Amino acid sequence: MVNIALPKGRLGEKVYQMFADAGYECPAVLSNSRKLIFENPEKGVRYFWVKPSDVAIYVERGAADLGAAGKDIIEEYDPDIYELLDLGVGKCRMAVAAKKGFREDPERILRVATKFRSIALDHYAARSRDIDIIELNGSIELAPILGLSDVIVDIVETGTTLLENDLAPIETIFPISARLISNKSSFKFKNAEIEGIRTALRDLVNERRLNP
Amino acid sequence: MLIPNKDKTLRREETILTELHDLYGRYGYVRYKMSKFEEYELYVQNKDFLSASGIITFTDTNGRLMALKPDVTLSIIRNLTKKNGVQKVYYNENVYRISKSSGRFREIMQTGLECVGEIGAYEICETLLLAVRSLEAADRDYHLDLAHMGILSALMKPLALSEKSRSAMITCIRRKNAEGIAQLCEEEKADRAAAEALSEVIGLYGSPAAVLPKLKRICAAVGVEEALAELMAVAGFLGDCGYGDRISLDFSVVNDMNYYNGIVFRGYVAGISEGVLTGGSYDLLMRKMGRACGGIGFAICLDSLSQLDSTLKPFDYNCLLVYGGASPVEVTKAMESLQREGGSVLAARERPEDVRAGRVLVLKNDGTLKEES
């Protein structure tokens with residue numbers, strides 16, 4: 001049995017649909033029941049929904065053999081896992097954004113508000129920029145508007161939220177999409193099953209790339 | 001020789017530990033006991049060797065800066081000074097590192113062995129054999145992944161990566177992230193054929209026989225047949241010893257390239273989410289430390305083995321002796337007779353709450369024992 005952690009939300013539903021289309025369906029997953037774990041013994045898979053930022057933890061610690069995690073989560077937590085496949089969904093980017101017309105003053109410490117502490121620190125450390133990091137848990141866009149920070153480091157999908165708040169992306173740090181990740185130990189002991197799922201998903205991803 | 005453990009007074013990882021030390025002793029490894037401290041300088045000079053940064057330091061009475069050991073291998077190499085032949089030692093030490101999950105210092109128990117000196121084919125094979133046998137001691141399904149740093153270095157060289165991309169590349173390799181490798185190579189405008197070769201090798205996983213045909217072709221192209229031959233010889237040896245189905249080739253096993261140059265390996269035990277055994281040959285480290293000889297060794301993280309012992313014991317004690325007002329002599333007499341029956345006995349004046357014992361016996365004033373439920 002392969003345990004698969006899915007991120008709660010729209011992305012997770014999309015990813016589950018990919019697993020189903022690849023031949024690993026378990027219809028109960030999409031039912032609105034209060035159950036936490038869904039199993040299809042015939043296909044040898046067991047799914048469960050977890051908070052998106054927790055997927056990497058479940059997989060790294062082996063509670064899940066496989067999982068679907070955004071590249072943002074992988075970069076932020078740097079888990080010791082295998083990143084087996086770019087699932088090609090949940091595409092967006094990690095970006096630096098600021099109020100429209102913002103000009104960086106290199107003589108001052110830059111105040112950066114973000115949910116992604118490591119990513120922001122690494123990004124600015126790489127260019128030896130001294131920053132004051134302000135960790136927030138939500139509504140990051142508010143920070144520059146209220147003068148709490150100069151810039152934000154956050155996920156930008158279409159940029160609409162930014163635009164509506166008179167903000168603009170000024171730099172892309174890296175592109176994001178959902179990745180199939182595997183626990184390293186599970187990869188050894190359930191290799192045939194995991195490779196089977198990966199191959200089926202890869203064929204699906206490649207087919208969709210050719211016929212979008 | 002197995003330590004009798006019929007009463008389960010030893011925890012699983014403790015019996016494993018004695019089995020391992022017995023095994024290493026039989027192969028002529030001697031126990032090496034170290035001080036908990038080492039001069040900080042040693043770690044500063046070789047800080048890349050340590051997988052994690054963060055060392056607990058303090059000032060010694062004479063003003064020298066000292067450190068609590070974050071690693072054992074460096075100290076051993078520095079202190080083994082025999083000129084000829086090989087020296088074989090094993091150790092069981094606590095090391096102090098920053099835990100990645102909590103960001104605080106943790107004490108980690110590590111056991112392992114080092115073989116230093118004139119390392120030949122036999123020494124390499126013996127080390128690998130002991131690594132496999134060590135995994136076997138955990139009494140579970142286990143697996144050993146093998147790779148060769150020589151092959152990886154040769155594959156990375158034509159990419160001519162910048163220092164920054166190099167560390168990003170190592171991360172991609174560790175994660176078997178083929179798309180990441182391709183993307184990095186594109187950003188760096190690296191040679192396309194070289195990038196594809198690297199990506200293909202990292203994607204390989206399986207028994208040596210299954211992986212060899214592809215690997216042979218790629219290794220011939222970059223001219224590392226010698227490293228491949230060494231790797232296959234070791235894999236063949238382990239196969240001959242009956243461990244063929246326990247090993248795989250996996251080039252995502254990466255140790256630091258400045259120190260490790262030959263065979264590297266990582267062992268997994270079913271039920272433990274991370275690798276429990278890591279090792280490799282580190283001739284480059286020896287050279288860096290001014291020694292003109294080779295070295296190979298491995299370490300096992302025993303703390304992770306404690307995850308295996310998940311079954312809760314049905315009782316805290318085999319027997320609870322409630323002695324009331326009895327004299328110490330009478331209690332001791334009763335204790336000794338109960339201990340002869342085996343297991344642990346707890347003596348308490350009154351019956352404590354929340355103690356689970358297999359039997360509860362009350363010592364009466366006349367010296368007889370009465371069983372209670």
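Here the structure is a predicted model, which is why all the values come from computation and not from measurement. Throughout, a chain's letter reflects where its sequence line sits, starting with A, and its residues are numbered from 1.
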task: Quick one: list whatever passes side-chain hydrogen bond (donor to acceptor under 3.5 Å, both in side chains) with A/E104, sequence neighbours left out.
output: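 Once residues adjacent in sequence are excluded, the partners of A/E104 under the side-chain hydrogen bond (donor to acceptor under 3.5 Å, both in side chains) criterion are A/R129.
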- prompt: Of the backbone (N, CA, C, O) and the side chain (C-beta and beyond), which part of A/I57 lies under 4.5 Å from a heavy atom of chain B, both, or neither?
  reply: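 Nothing of A/I57, per the 4.5 Å heavy-atom cut-off to chain B.
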- request: Check each atom of A/I74 against the heavy atoms of chain B and say whether the ones under 4.5 Å are side chain, backbone, both or neither.
  value: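 Both backbone and side chain.
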Check chain A and chain B for donor-acceptor pairs under 3.5 Å and report each one on its own line.
residue, atom, partner, partner atom, Å
A/R61, O, B/S273, OG, 3.4
A/D78, O, B/K100, NZ, 2.5
A/D78, OD1, B/R175, NH2, 2.7
A/Y82, OH, B/D250, OD2, 3.2
A/Y82, OH, B/S252, OG, 3.4
A/E83, N, B/R175, O, 2.6
A/E83, OE1, B/N177, ND2, 3.2
A/E83, OE2, B/N177, ND2, 2.9
A/D86, N, B/E179, OE1, 3.0
A/D86, N, B/E179, OE2, 3.1
A/N183, ND2, B/S273, O, 3.3
A/K184, NZ, B/R174, O, 3.2
A/S185, OG, B/I272, O, 2.9
A/K188, NZ, B/D145, OD2, 2.4
A/K188, NZ, B/D250, OD2, 3.0

message: Please classify the contact of B/V276 with chain A as side chain, backbone, both or neither, using a heavy-atom distance under 4.5 Å.
response: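 Neither part; nothing is under 4.5 Å.
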